[in-house]
Amino acid sequence: MSSNITSKQRAALRGIANSYDTIFQIGKSSEISENLVKQVNDALAARELIKLRVLNNSEYSAKDAAVELSEKTNSEIVQVIGTRFVLFKQNPDPDKRKISI
């Protein structure tokens, strides 16, 4: 997992993500499908920073899901805590960026 963000930037993003609600859940039947990857990509384009959760009945651990989704969406893993993880992908268009790091 190569990282393009510094530890200071990651800490700032963690602070921002604290107040965010979980917008995706990966459950037993929710393998990481192309549809989920597309939805996560769309959410990252709109919000840049998103929080996801892996349900207890999933075959994925939060870390495994975070790594797979970050690779498939070219996003950064900000943090993995318990069953939740946070992804960040800066908008390539500077005018549309919601979060400055």
Side-chain angles (χ1 to χ4, degrees):
M1 172 180 75
S2 67
S3 179
N4 298 324
I5 58 178
T6 67
S7 57
K8 272 189 173 182
Q9 290 169 327
R10 191 175 308 279
L13 290 170
R14 277 198 305 266
I16 294 167
N18 274 341
S19 63
Y20 281 27
D21 289 328
T22 303
I23 61 168
F24 289 109
Q25 296 187 72
I26 300 167
K28 184 178 179 198
S29 60
S30 303
E31 67 177 58
I32 296 179
S33 63
E34 289 305 311
N35 188 36
L36 178 62
V37 171
K38 182 187 181 323
Q39 289 178 324
V40 168
N41 249 333
D42 291 347
L44 284 166
R47 301 171 185 221
E48 296 184 313
L49 188 68
I50 61 170
K51 189 182 288 186
L52 303 92
R53 179 173 175 228
V54 177
L55 300 178
N56 291 333
N57 62 357
S58 174
E59 3 182 296
Y60 288 94
S61 71
K63 183 169 172 79
D64 292 341
V67 168
E68 187 169 336
L69 273 171
S70 73
E71 288 171 355
K72 290 183 175 182
T73 60
N74 293 320
S75 60
E76 297 284 340
I77 300 170
V78 175
Q79 73 176 357
V80 178
I81 295 181
T83 60
R84 294 184 185 346
F85 61 97
V86 177
L87 297 179
F88 173 73
K89 183 177 182 181
Q90 191 167 47
N91 195 312
D93 181 349
D95 295 335
K96 293 184 179 176
R97 289 183 183 160
K98 294 181 174 43
I99 300 170
S100 62
I101 59 166

Task: Heavy-atom check, side chain of Arg47 versus side chain of Ile23, under 4.5 Å - done: yes

Task: Within-4.5 Å side-chain heavy-atom neighbours: Val40 and Leu52 - done: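 Yes, side chains in contact.
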
Is a donor on one side and an acceptor on the other found under 3.5 Å between the side chain of [X] and the backbone of [Y]?
X	Y	value
Lys89	Thr73	yes
Gln79	Arg14	no
Lys98	Ala46	yes

[atom1]-[atom2] distance between [X] and [Y], expressed to the nearest 0.5 angstrom:
X	Y	atom1	atom2	result
Lys51	Asp21	NZ	CG	7.5 Å
Tyr60	Leu55	OH	CG	13.5 Å
Arg53	Gln25	CZ	CD	5.5 Å
Asn41	Leu87	CG	CG	10.0 Å
Phe85	Ile26	CZ	CD1	4.0 Å
Lys72	Ser33	NZ	OG	8.5 Å

Could you tell me which non-hydrogen atom of [X] sits nearest to which non-hydrogen atom of [Y], and how far apart they are?
X	Y	result
Asn91	Lys96	ND2-CB, 3.5 Å
Val54	Ala62	CG2-CA, 3.7 Å
Val80	Lys63	CG1-N, 3.8 Å
Ile32	Val37	CG2-CG2, 4.0 Å

Open item on the list: Just checking Asn18: does its CG atom have more than 12 heavy atoms from other residues, nucleotides or ligands closer to it than 6.0 angstrom?
Closed with: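 Buried by this count: over 12 neighbours within 6.0 Å.
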
TODO: Using the side chain to side chain contact (heavy atoms under 4.5 Å, CB included) rule, take Leu49 and Val78 through it: C-alpha gap first, then chi angles, then the decisive distance, then the call.
DONE: CA-CA 9 Å; Leu49 188 68; Val78 175; 3.9 Å; yes

